[in-house]
Protein chains: 2
Amino acid sequence: MKIDPDNPADLSAQIAGAIRDAIMSGALIVGDRLPSEAELAEQFAVSRPTVREALKRLAAQSLIRTQRGAFGGAFIHRLSYRDAHAQQITTSTLLLGMNDVSFDTACEARFAMERACAMLAALRRSPDHLATMRAEITRQGQPGLTDEAFCASDVAFHRALVDAAGNPVLSYQLAGAVEAMQPLMNMITFSARSRGAIIALHSRIADAAQARDGALIIAALEELEHDTRQLAQSVFNARAARPKPA
Amino acid sequence: MKIDPDNPADLSAQIAGAIRDAIMSGALIVGDRLPSEAELAEQFAVSRPTVREALKRLAAQSLIRTQRGAFGGAFIHRLSYRDAHAQQITTSTLLLGMNDVSFDTACEARFAMERACAMLAALRRSPDHLATMRAEITRQGQPGLTDEAFCASDVAFHRALVDAAGNPVLSYQLAGAVEAMQPLMNMITFSARSRGAIIALHSRIADAAQARDGALIIAALEELEHDTRQLAQSVFNARAARPKPA
DNA sequence: GAGTTTTAAATGTCTGACAAATGAAAATCG
DNA sequence: CGATTTTCATTTGTCAGACATTTAAAACTC
């Protein structure tokens with residue numbers, strides 16, 4: 001964490017990078033206090049606004065937290081699962097939304113990863129997880145539920161399944177895959193019949209989790225993936241066949 | 001994307017959040033140009049440095065890119081797989097490094113996700129993927145290879161396996177899980193014997209991929225997970241029994 | 001000794017300014 | 001007239017200095 005070449009372009013990015021490297025290499029550890037903005041400005045031979053821009057970059061990635069007042073400053077922040085979660089969802093959502101990722105590709109990735117949780121979920125699911133899954137199934141069956149609310153409940157159900165695996169790293173990684181799909185799922189209109197099919201599969205998953213039968217969860221997830229992709233295709237086909245009248 | 005309450009705390013964070021929401025909701029799409037810093041300052045009734053801090057936050061997340069000069073400015077940036085990849089690795093590495101995540105937990109999550117790619121990899125692997133895997137296996141057998149280089153080659157091998165699944169979303173999600181493990185793996189010293197066992201399993205995986213046998217890949221990955229966790233445990237036990245002499 | 005006040009240090013923000021880059025329009029030249 | 005060069009306005013990048021606000025430690029009072 002020393003120098004910037006006298007290349008006067010992107011000074012704040014260079015400084016942010018230097019500090020980020022120091023954090024990732026372990027030279028700076030959680031709780032450490034960075035020098036004050038004035039000291040950093042002197043150290044890097046730049047002005048205070050430039051230092052501040054660098055610090056804001058780091059703050060945007062939850063690498064530091066700042067505190068005002070005497071003996072305040074910028075402190076290395078412990079990246080919580082919560083923060084990592086939020087960043088993961090933001091990044092995944094944008095990646096899917098901006099890159100014309102096909103529904104099939106996203107769906108395939110999501111269910112592949114979710115099936116990876118099935119065995120562990122069967123092994124470790126708690127009564128709490130089961131209760132959450134049952135509650136969401138009940139909600140999904142309520143009449144008058146909007147498509148958006150149905151999707152939100154679907155996400156909550158699958159989150160419960162993922163969390164049941166009892167591995168926070170897995171939960172964090174899956175958060176992006178499951179939640180980033182929601183904008184894509186919201187483009188689908190769910191008929192009463194397709195809702196019924198989904199709910200039935202959710203019930204089979206919950207039953208299998210209760211019976212601690214991982215293979216059964218996987219089988220149900222495979223059916224769910226198949227149904228979802230077919231439903232999406234039929235919706236998109238119908239939409240393509242009838243171009244918007246405008 | 002309108003207002004900030006007259007709460008004069010974290011103005012730049014509020015502005016960044018407002019613009020981020022506008023991007024994620026689709027109100028701003030890729031290629032759109034934001035108003036100039038001066039215009040944004042007037043719109044939000046703040047000074048230009050405050051606007052700049054907000055823009056730097058967004059730039060840190062690769063949401064915008066800036067261009068100097070006339071008709072330059074801040075443009076909504078298409079989040080590429082490459083950018084998302086890099087962010088994913090940064091976040092995952094820090095999450096594992098800062099939170100005392102046990103080796104077992106990280107290892108379990110990683111192999112669970114990797115097994116999720118096995119079936120697709122068997123189906124879609126190209127000769128290129130096989131060649132990469134074989135090349136890394138060869139490198140891993142070379143004498144005099146440092147532990148660090150061995151780990152790097154191990155990561156490259158597993159990346160090839162993940163990429164063989166032919167799903168860019170899956171590759172992006174797995175990048176964090178696989179690469180973030182490297183600092184943890186680097187803490188292990190690999191004996192010649194354990195290297196041999198790992199290489200043998202890698203060969204079995206490559207063979208299975210060549211034969212398009214997904215179940216065999218999964219079986220080898222399960223053995224690899226078991227061996228890796230056992231190896232790590234023995235290393236850590238030995239280290240705990242003989243506290244550092246200092 | 002407990003409670004209050006003072007004070008110094010640090011971030012948050014603003015104003016004003018200049019440098020550098022950049023593309024478009026205008027001016028110039030063949 | 002066409003091609004090239006020059007000019008120029010716009011915008012980001014950076015700097016300097018200043019003031020407001022927050023905060024916790026230190027000094028002070030009773």
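Just so we're on the same page: letters track the sequence lines, and every chain starts at 1.
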When rounded to whole Å, the CD to C1' distance for the pair B:E37 and C:dC14 reads 15 Å

Here the distance between atom P of D:dG17 and atom CD of A:E42, to the nearest Å, is 13 Å

With the side chain defined as heavy atoms from C-beta on, B:R48 is closest, among C:dA10, C:dC14, C:dA17, to C:dA17

Whichever of A:G69 and B:G69 has the more 5' nearest nucleotide on DNA chain D, that residue is B:G69

query: So, is A:S36 close to the C:dA9 phosphate, meaning a side-chain N or O under 4.0 Å from OP1 or OP2?
result: no

In whole angstroms, the gap separating C1' of D:dT11 from CZ of B:F75 amounts to 10 Å

At under 4.0 Å between heavy atoms, what does A:R33 touch on the DNA or RNA strands: base, sugar-phosphate, or nothing?
-> sugar-phosphate

B:L34 atom CG is separated from D:dT11 atom C1', nearest whole Å, by 13 Å

Residues B:M181 and B:A106: closest non-hydrogen pair is SD-CB, 3.4 Å

Here the distance between atom C1' of C:dA8 and atom CZ of A:F71, to the nearest Å, is 9 Å

Here the distance between atom C1' of C:dG12 and atom CD of A:Q67, to the nearest Å, is 14 Å

B:F44 atom CZ is separated from C:dT13 atom P, nearest whole Å, by 14 Å

